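Since the structure comes first, as structure tokens, the remarks are kept for the end.
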Amino acid sequence: MPELPEVQTTVKDLEKKIIGLRIIDVWTDAPRLIKRPSFETFKKQIKGAKIEKISRRGKNILIHLNPKSKTQKSKLILLIHQKLTGHLLYGSWIMKEGSWTPAQKGPLEERVNQYIHLLFFLNNGKMLALSDLRKFAKVILGPKEEIENLAELKNLGIEPLDRKFTFEKFKEIIQQTPSKRKIKQVLMDQTIISGIGNIYSDEILWEAKIHPFKLSYKLNNQELKAIYQAIKKILTKAIKLRGTSISDFRDPRGREGKYTEIRSVYRREGEPCYRCGSKIKKVKIGGRSAYFCPKCQKT
DNA sequence: ATGACGTCCTGCCTGC
DNA sequence: TGCAGGCAGGACGTCA
């Protein structure tokens, strides 16, 4: 599932490919992915728009557009949240027997093609595709100010790789959250820190040697410091390795992320801990799975 | 107000 | 063998 490192990889790759291009048409077979406006309006507003910028906020991708229409004075933002199985892909496809098939041979010759549900046709002959097996992805188009004021962006917590995210700030945030929740749940709460999901919360807690069940308000200074440093370290390393493809993340060209190979705990149940050799355990926290080393992660 | 749980969706895996 | 049922999971809505 795309978390901060995967979304960052996607955004940085797309930046090199699609800035300056125009969207000349749109196709979908799953209009429900577009939460607003209606697909009809969506298509009308986006046709002819020029892609000016692409950025990330939490796990959201923001594509900044300059509309063609003179009646639309405001700039637009296309917000895409890939949720669990969404992929933004860049390439060219042709419709063959009811499904989109890559026009050229390459890494895109994979399952992801089968699940393309939204396509933007660009003025260089290429396409930007949203592939999504489970159709959970969320797409919203609207004027810049409106999108920036959406609750889903406004309520997001601090960016963990921002310079403003200092240890003092982290400590303050955690201590301001008088929550009886487990640290894993707090790390995954997007309104506290944005961008961390199930994979990296497990990886961070293993790195920090903290049990996922540990209650966040009970963490002492030393433990908080360990978690803080692990957040920075793990996310930075994952970005460098272009993300994790344990479920099915692919970059815009269909390539896998390499963090998968060096992950410590996520989906490694029964396999040895790289620190102490104990078998990695899997437990449930609020309906979600959590992987950890029962020996070196302390409650 | 806080936290727990159900919901969306579909491929894959398990077990009878 | 075949098929029903469970599981995976981010974020939001609902409920206690």
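All of these numbers come straight from a predicted model, not from anything done at the bench. Chain naming here is simple, since letters A, B, ... match the order of the sequence lines and numbering starts at 1 in each.
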Q: With side-chain hydrogen bond (donor to acceptor under 3.5 Å, both in side chains) as the test, would you mind laying out the steps for A/E271 and A/Y291 before giving the verdict?
A: CA-CA 11 Å; A/E271 292 176 43; A/Y291 298 83; over 6 Å; no
Q | A/L84 CG to C/dC7 P, straight-line distance once rounded to whole Å | A | 17 Å
Q: Answer yes or no: is there an ion pair linking A/R267 with A/D202, defined by an N-O contact shorter than 4.0 Å?
A: no
**Q.** Phosphate contact (C/dA11 OP1 or OP2) by A/H81 side-chain N/O below 4.0 Å
**A.** yes
Q: Output yes when at least one side-chain N/O atom of A/K35 is less than 4.0 Å from OP1 or OP2 of C/dC12, else no.
A: no
Q: Decide side-chain hydrogen bond (donor to acceptor under 3.5 Å, both in side chains) for A/K138 and A/N60; before the verdict, give the C-alpha distance in whole Å, the side-chain angles of both, and the deciding distance to 0.1 Å.
A: CA-CA 9 Å; A/K138 175 174 77 179; A/N60 298 274; 4.9 Å; no
Q.
Using whole Å, what does the distance between atom P of nucleotide B/dT2 and atom CG of A/L215 come to?
A. 16 Å
(Q) Using the side-chain heavy atoms of A/R181, tell me which of these nucleotides is nearest: B/dC9, B/dG3, C/dA11. (A) B/dG3
Q) Does a side-chain N or O from A/K138 land closer than 4.0 Å to OP1 or OP2 of B/dC8, or not? A) no
Q) How close or far is atom P of C/dA11 from atom CD1 of A/I193, stated in whole angstroms? A) 14 Å
Q: Would you indicate, yes or no, if B/dC8 has its OP1 or OP2 atom less than 4.0 angstrom from a side-chain nitrogen or oxygen of A/K83?
A: no
(Q) Using a 6.0 Å cut-off, check whether atom CD of A/Q222 has over 12 heavy atoms from anything other than its own residue. (A) no
Q: Return the nearest nucleotide to the side chain of A/R32; candidates are C/dG10, B/dG3, B/dC8.
A: B/dC8
Q: Please answer whether the main-chain N or O of A/G48 pairs with a side-chain N or O of A/R22 as donor and acceptor at a distance below 3.5 Å.
A: yes
Q. Any ion pair linking A/R56 and A/E159 (charged N to carboxylate O, less than 4.0 Å)?
A. yes
Look for any protein N or O under 3.5 Å of an N or O in nucleotides 11-13 of chain B and output each such pair with its distance, or none.
from	atom 1	to	atom 2	distance (Å)
B/dC12	OP1	A/R111	NH1	3.3

Q | Whole angstrom value for the distance that separates C1' of C/dA8 from CD1 of A/I199 | A | 12 Å
Q: Would you please indicate if the ring centroids of A/W100 and A/W27 are separated by under 6.0 Å?
A: yes
Q) For A/Y259, is the NZ or CZ atom of A/K237 found under 6.0 angstrom from the centre of its six-membered ring and inside 45 degrees of the ring axis? A) no
Q: Report yes or no: does A/N123 contribute a side-chain atom to a donor-acceptor pair with the main-chain N or O of A/I24 at less than 3.5 Å?
A: no
(Q) How many whole angstroms separate atom CZ of A/F136 from atom P of B/dG6? (A) 15 Å
Q: Using whole Å, report how far CG of A/L33 lies from P of C/dA11.
A: 16 Å
Q: Kindly say whether A/L205 contributes a backbone atom to a donor-acceptor pair with the side chain of A/Q297 at under 3.5 angstrom?
A: yes
**Q.** Degree of bending, the helix from B/dT2-C/dA16 to B/dC16-C/dG2 (end axes from five pairs; round to 10°)
**A.** 60°
Q. Separation of A/L153 atom CG from C/dG10 atom P, in whole Å?
A. 18 Å
Q) Reckon A/R288 has a side-chain N or O less than 4.0 Å from the OP1 or OP2 of C/dG10? A) yes
Q: Report the distance from atom CE of A/M188 to atom P of C/dA8, rounded to the nearest whole Å.
A: 13 Å
